[in-house]
Every structure is written in structure tokens, then in C-alpha cells.
Amino acid sequence: MSIRSVQLTRRQTRRVAALDRPRFGWKKTTWIWIFLLPTTVLYGIYTIYPIIASYWYSLVEWNGFDADQTFVGLSNYRTVFADPLFWNSFKVTLLFMLLVVPARVLLTLLLAIVLNSPKLPLIGVLRSAFFIPVVTTTAIIGVVMRFVLDPSSGPVNSILTKLGAGGIDFLGNQHLALPTAAVLYIWKFFGVTMIYWLAALQTIPYELYEAARIDGAGPGQVFRHITVPMLRPFLIIITVLTVEETFHNFDLMYTLTGGGPYFHTEIIEIYIYRWAFGASIPQLGQASAAAVFFGLLVAVVGALQLWGVYAGRRLRGEQR
Amino acid sequence: MTAVVERTDRQRRMLRRLPWWTAAICLVGIAALWIFPFLWMLSASLKDNMEMFTGGLKLWPSKFVWDNYARAWNDAHFGRYLINTVVVTLITVVLVTIRCATAGYVLARYKFRGSKIFLGVLVATLFVPTGYTIIPVVKISMQLGLIDSLGGMILALSGGAYVSAILIYYGYFRQIPRELEEAAVVDGAGFVRTFFSVMLPLAMPVTATVAVLTFITTWNAFFLPLVFTFSRPDLRTVSVGMQAFVGETATDWSGMAAAGVISIVPVVVLFIFLQRYFVEGISGAVKS
């Protein structure tokens with residue numbers, strides 16, 4: 001074990017040594033930084049700076065964008081944590097994740113397995129069809145679906161009326177709004193997870209299936225003894241990627257329900273938006289405190305991902 | 001005799017393929033259901049407003065009303081919004097591709113002071129959501145005088161999360177053999193020439209992937225364009241315009257469908273022609 005790891009590091013160092021010259025002059029160093037300049041400036045201003053500035057903004061009292069900022073310590077956090085609507089948005093965000101992630105991860109796996117078999121006709125057309133919702137504009141889907149699901153004039157309810165069960169207010173009902181949004185979200189982003197699984201399935205060599213079949217294994221056995229073990233390392237990373245994606249859900253929720261009815265679909269991003277841009281007197285300090293908390297939540301899941309990738313690597317390593 | 005054997009052979013082959021064809025037909029049914037909302041939107045954009053309500057999910061309009069498109073284009077300003085979106089998207093794609101290609105190249109091929117930290121910071125911010133950064137982004141854009149302008153929107157969009165694009169370039173440039181670069185140097189090419197005439201052309205497939213992914217992300221962006229156009233409705237992109245359209249003229253549903261078709265068709269067409277690159281970009285997330 002130790003010998004193997006030493007060999008690995010030695011090989012790695014050799015590769016790194018081959019990639020860079022031991023010394024290069026100031027001219028080359030200058031060019032290196034010129035090449036990095038666009039990313040440093042743009043990414044610095046619009047991603048790194050906001051991440052740090054959020055912490056400062058969360059510590060000040062600040063009404064509107066040009067008013068004075070006064071330092072108030074942790075009082076914004078106290079306000080936010082005392083706000084039942086904040087915890088509501090936190091709950092809605094997690095609940096939405098629980099509704100969406102299992103369906104996206106497991107149903108897409110089934111579809112991907114079917115769409116991965118080389119004997120299936122029309123495979124290209126089918127893959128494209130399941131993927132098309134992904135590339136369309138989420139905000140526009142949200143607006144259109146609001147009409148499609150409208151209780152009085154939408155086409156879905158006019159069909160349901162003919163079947164004798166009309167007038168369902170999918171987006172206005174407190175209990176139905178979040179599940180409806182979840183179903184739409186699953187539909188919209190199904191293709192992404194499907195592609196993840198297809199990429200994972202393509203790492204399994206076809207010979208392995210052939211060999212199993214020659215040995216007399218049925219489709220069920222092939223699935224249980226080859227597909228599942230080979231995919232297990234990918235399950236972790238695909239799940240975490242999907243979880244991270246469900247945090248980015250402002251577009252659909254905002255256009256579909258705007259957080260309603262009565263905050264039942266208000267995810268954290270809409271909560272932040274409401275305090276920062278939607279309120280008549282913006283409470284940017286408070287919104288920033290919520291944003292920092294949200295950022296930490298995402299970071300925790302991100303850390304979980306790094307750990308997941310690490311665990312996945314180890315699982316794959318053990319199989320060899 | 002041989003003819004009989006051949007026929008049974010063919011029959012057997014057909015029989016063996018039968019389950020696959022059944023599966024395919026089932027899947028085609030599901031797929032049709034899957035894209036039904038788009039087909040419905042397309043047909044709704046050609047119906048008149050009365051038929052929208054009475055027609056239900058029927059796909060073929062009884063009368064083609066092309067006027068819906070004229071209304072969406074002129075009265076709802078979607079002609080303008082479309083131009084805004086095209087301008088913003090194209091410039092953002094160019095900026096993002098250039099900055100990611102150069103950064104990915106330098107990080108992959110050179111080890112310099114700070115390169116590890118640079119890469120570490122990038123990876124750490126892989127999943128930063130827009131909801132987190134939006135307030136400081138708006139604030140700094142105001143200080144720089146860039147709010148309420150397409151230029152500011154473009155800069156903010158191209159400064160956002162494209163870490164995965166840098167990582168795709170990084171992975172690609174890393175595996176290019178050293179000899180190629182050395183050959184270029186022997187031929188007298190400097191740092192910049194080596195990049196633009198040797199490395200970048202080699203990375204063409206990656207560039208296509210990054211460009212297509214960025215195009216679709218930017219075209220569909222909503223949060224940033226929304227807050228950048230609060231006081232300048234004429235600068236809206238199609239996604240923001242759609243939201244505003246329903247707020248302003250709540251009764252013109254077929255006009256809305258037409259506006260939706262105008263906004264979505266460009267990305268769908270792009271996807272159909274370039275889907276290989278798109279799929280590669282997404283599956284890259286799992287592989288790396």
C-alpha cells in the first residue's frame with residue numbers, strides 16, 4: 001500500500017516537473033498574468049468580491065442603495081433568525097430538494113439505462129427529445145405554465161373539467177403549489193441528470209456485459225451484479241451535483257408562483273430578493289444576512305461534494 | 001430448403017428485435033408527451049385568444065392567426081428584447097470563452113507563484129448561487145456606473161460562475177504533450193503565438209463546448225437581467241420581457257405564446273445543430 005502511494009506521488013511529481021520549466025523570465029511571468037487578467041478582474045469583481053462583501057453588508061443597517069450604512073453588529077442576523085418567514089423559506093428550500101432530488105436521480109437512471117442500450121432504435125431522437133426542456137428558458141417556461149395550469153382558463157383544467165374533475169388551482173392551492181413546482185422542475189431538468197448517468201454508464205466496458213451474458217447471466221443479474229456496482233461511485237457525485245443545482249431555482253419559482261400562495265413556495269433566494277429588491281424600503285443588511293446563511297448552506301453541501309468525490313474515488317480504487 | 005431456413009432466420013432476428021421496437025414505441029410516446037408543452041405553445045401562438053380558452057390541448061389551430069407574432073414583436077417590444085438578448089449573449093460568449101481559455105491554458109501549462117491558490121479559489125467557488133452574490137453585484141455596478149446598461153449586464157454575466165468552463169479547458173490543455181509546445185518554440189513562436197496558433201486551434205472542440213454552454217446559460221439568464229433593468233424596460237432581455245408582458249397585458253395569452261416561441265426557438269435550433277458539444281459539456285461534470 002505504502003509502496004503504491006509513493007510510486008503514485010513520484011509519477012505525479014514527474015508529470016508536474018515535465019509540465020513546467022524550472023525557471024522562466026519576467027517576460028513569461030508577465031504574459032502569464034496578462035492571460036489571467038480577464039478572469040482575475042471579472043471573476044474578482046463579480047464573484048469573489050460579492051462573496052466577501054456580503055459578510056460586511058450583513059453587519060450594517062442599510063436602507064436602499066445610496067443611503068448611509070451604519071454598523072449594527074449581529075443585529076441583522078438576530079432579526080433574520082427571529083423571522084418565522086426566514087425559517088419558512090429555509091424549510092421550503094429543503095423540502096423542495098427532498099421532492100426533486102430522489103425523482104431526478106433515480107428516474108433518470110432508469111431512462112439512461114434504457115437509452116444506453118445499443119440495440120434500441122431511434123436512440124438519438126429519443127435522447128434529444130428528453131433533453132430539449134433543459135435548453136429552453138426557465139423563466140419563460142414558468143410564465144407559460146402559469147397559464148397552462150390556470151384554474152379557470154388554462155388548457156389542463158379545461159381537459160379536467162371535461163373529465164369531470166376540473167377547477168384544480170395547482171399553483172394557488174397551499175398544498176399543491178410546491179409539488180406542482182417540483183414536478184415542473186423535474187421535467188425541466190430531467191435531461192441534465194440523464195446525461196450525467198449516460199456519461200457514467202459509458203464508463204462500463206461493453207465487453208463486461210458480453211462476458212456476463214456468455215456466462216449465462218439474465219438481464220436482472222447483469223443489472224444487479226454489473227451495472228449497480230459499477231455505478232455506485234457515480235451515485236454520490238451525481239446526487240450532490242443535482243442537489244447543488246436545485247439551489248439555483250429562482251427563475252422557475254419566481255415566474256411560476258413568486259413565492260406564493262402565502263409564502264408556501266418561497267425559497268431562500270426569493271426571500272433574499274423580496275427584502276433586497278421587492279420591498280418598498282429595501283432592507284439590504286437583512287437580505288445580506290440571509291444571503292450569507294444561504295451561501296454557508298451551499299458551501300456545506302459543496303464540502304459534502306468534495307468528500308463525496310473522495311469517497312467515490314476510494315470506492316472505485318477498492319474495486320480494482 | 002435453403003430459402004425456408006433463410007426466412008426463419010430473418011423471422012427469428014425480427015422476433016429478437018421485437019422487444020426493442022416495442023420499447024422504442026413506448027418511449028416515443030413518452031417523449032411526445034415530454035415535448036408536448038412546446039408543441040402546445042407553438043400551436044397556441046397561432047390561435048386567436050378565443051380559441052386559446054375553448055380549444056383546450058388541441059394542437060391544430062382552426063385558423064392561423066399570424067397577427068399574434070406581430071403583436072408580440074411590436075406592441076410587446078419582443079423585437080427589441082430579442083436584439084438585446086442577442087447582443088448580450090454574443091458578447092458574453094466571446095468574453096467568457098476568451099477569459100476561460102487563457103486562464104485554463106496558463107493554469108494547466110505553467111506552475112507559477114500563486115497558481116495553486118488561484119485554482120483552489122476557483123474550485124471553492126464552483127457552486128456560488130446568484131442569490132448569494134446579487135446584492136454586492138448590484139451595489140458595485142452602481143458605484144461603477146454600470147447599472148441600467150447592457151454593458152454592465154454583460155460584464156456581470158461574464159464575471160459569474162464559469163468555473164466549470166475554466167476546468168474543462170484546464171483538463172484539456174493539461175493532457176496535450178509537451179513536445180507540441182516545444183516544437184512551436186523551436187519554430188520561433190513566442191508565448192502568445194504558441195497559444196493562439198498552436199494550442200487554441202487544438203482546443204477547438206472544447207471551445208465549441210464552452211461557447212455553446214455559455215450561449216444557452218446567458219440566453220436563459222433571468223435573475224441578473226431582471227435586477228439590471230428595473231428602471232430601463234427598453235434594455236430587457238426576452239426572459240425578463242416575458243415576465244413583464246404577463247404583468248402588463250394579462251389578457252393577451254396568444255400574444256404571450258408567440259413571444260415565448262420567439263424567445264425559445266433560437267436556443268432550440270442551436271441545440272439541435274450543436275447538441276454533441278452541449279452533451280459533452282454536461283457530461284464533463286461527471287467525468288472530472
Side-chain angles (χ1 to χ4, degrees), chain A residues 18-20 28-29 31-32 35-36 38-39 42-43 45-47 49-50 53-54 57 65 119-122 126 128-130 132 135-140 143-144 147 153 155 158-159 192 195-196 199-200 237-238 241 244 247-248 250-251 255 269 272 276-277 284 287-288 291 294-295 298 302, chain B residues 20-21 23-24 27-28 31 34-35 41 53 56-57 98-99 102-103 105-106 109-112 125-129 131-133 135-137 139-140 142 155-156 158-161 178 191-192 216 219-220 222-223 227 239 242-243 246 253 260 263-264 267-268 271 275 279 282-283 285-287:
Chain A
L19 275 172
D20 68 316
K28 211 163 219 177
T29 314
W31 273 117
I32 286 175
F35 268 45
L36 284 176
T39 294
L42 285 171
Y43 200 69
I45 292 178
Y46 292 108
T47 302
Y49 166 76
S54 286
Y57 290 156
F65 278 103
K119 285 179 191 154
L120 191 76
L122 298 173
L126 285 169
S128 306
F130 284 110
I132 272 189
V135 302
T136 57
T137 313
T138 316
I140 290 174
V143 172
V144 172
F147 172 75
S153 49
S158 78
I159 295 288
V192 176
I195 298 289
Y196 290 160
I237 182 159
I238 289 176
L241 280 174
E244 286 288 349
F247 282 128
H248 306 239
F250 178 79
D251 298 10
T255 50
E269 275 188 312
I272 297 167
F277 305 103
L284 291 165
S288 294
F294 180 46
V298 176
Chain B
W20 290 111
W21 276 103
L27 283 169
V28 165
W34 210 252
I35 57 169
M41 195 165 95
F53 295 121
L57 294 174
I98 290 175
R99 89 165 167 86
T102 52
Y105 170 70
V106 168
R109 307 297 295 188
Y110 297 93
K111 210 176 141 201
F112 54 94
T125 55
L126 191 54
F127 289 124
V128 173
Y132 177 27
T133 56
I135 296 168
V137 163
K139 171 76 180 162
I140 196 167
M142 290 184 93
L155 288 177
S158 21
R178 186 85 208 163
F191 190 93
V192 183
I216 289 179
W219 188 278
N220 294 341
F222 177 67
F223 207 158
V227 296
S239 56
M242 192 74 172
Q243 167 79 4
V246 179
W253 291 109
S263 319
I264 281 179
V267 265
V268 171
F271 165 70
Q275 57 175 302
V279 167
I282 288 188
S283 50
V286 173
K287 284 175 189 156

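Below, chains carry the letters A, B, ... as their sequence lines are ordered, and counting in each starts from 1.
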Pick one of side chain, backbone, both or neither for [X], based on which atoms fall under 4.5 Å of a heavy atom in chain A.
X        : result
B/Phe271 : side chain
B/Ile140 : side chain
B/Leu155 : both
B/Val28  : both

* Pick from B/Ile35, B/Ile98, B/Val137, B/Val268 with the largest number of heavy-atom pairs that fall under 4.5 Å of chain A -> B/Val137

* Structure fact -> Comparing B/Ala31, B/Ala24, B/Ala156 against chain A, the one with the most heavy-atom pairs below 4.5 Å turns out to be B/Ala156

* Side-chain contact, heavy-atom cut-off 4.5 Å: B/Val192 with A/Trp31? -> yes

* Below 4.5 Å, heavy atoms only, C-beta onward: do B/Thr133 and A/Tyr46 meet side chain to side chain? -> no

Measuring from [X]:[atom1] to [Y]:[atom2], what's the distance to the nearest 0.5 Å?
X        : Y        : atom1 : atom2 : result
B/Ile216 : A/Thr137 : CD1   : OG1   : 9.5 Å
A/Leu36  : B/Arg99  : CG    : CZ    : 11.0 Å
A/Phe147 : B/Met41  : CZ    : CE    : 12.5 Å
A/Leu126 : B/Trp34  : CG    : CH2   : 12.5 Å
B/Ile264 : A/Thr136 : CD1   : OG1   : 5.0 Å
A/Lys28  : B/Tyr110 : NZ    : OH    : 4.5 Å

What are the two closest non-hydrogen atoms of [X] and [Y], and how far apart are they?
X        : Y        : answer
B/Gly260 : A/Ile140 : CA-CG2, 4.1 Å
B/Gly159 : A/Tyr43  : O-CD1, 3.5 Å
A/Thr47  : B/Gly160 : OG1-CA, 3.8 Å
B/Ala103 : A/Thr39  : CB-OG1, 3.5 Å
B/Phe222 : A/Ala139 : CD1-CB, 3.4 Å

* Heavy-atom donor-acceptor pair, A/Thr138 side chain to B/Asn220 backbone, under 3.5 Å -> no

* **side chain to side chain donor-acceptor pair (under 3.5 Å) partners for A/Asp251, two or more places apart** => none

* side chain to side chain donor-acceptor pair (under 3.5 Å) partners of A/Glu244, counting only residues at least two apart -> none

Pick whichever of [options] has the most heavy-atom pairs under 4.5 Å with chain B.
options                      : value
A/Val135, A/Ile272, A/Val144 : A/Val135
A/Ala53, A/Ser54, A/Pro38    : A/Ser54
A/Phe294, A/Phe250, A/Phe247 : A/Phe250

* Tell me, for A/Val298 versus chain B, whether the close heavy atoms (under 4.5 Å) come from the side chain, the backbone, both or neither. => side chain

* Parallel, tilted or perpendicular: ring planes of A/Phe35 versus B/Phe191, cut at 30 and 60 degrees -> perpendicular

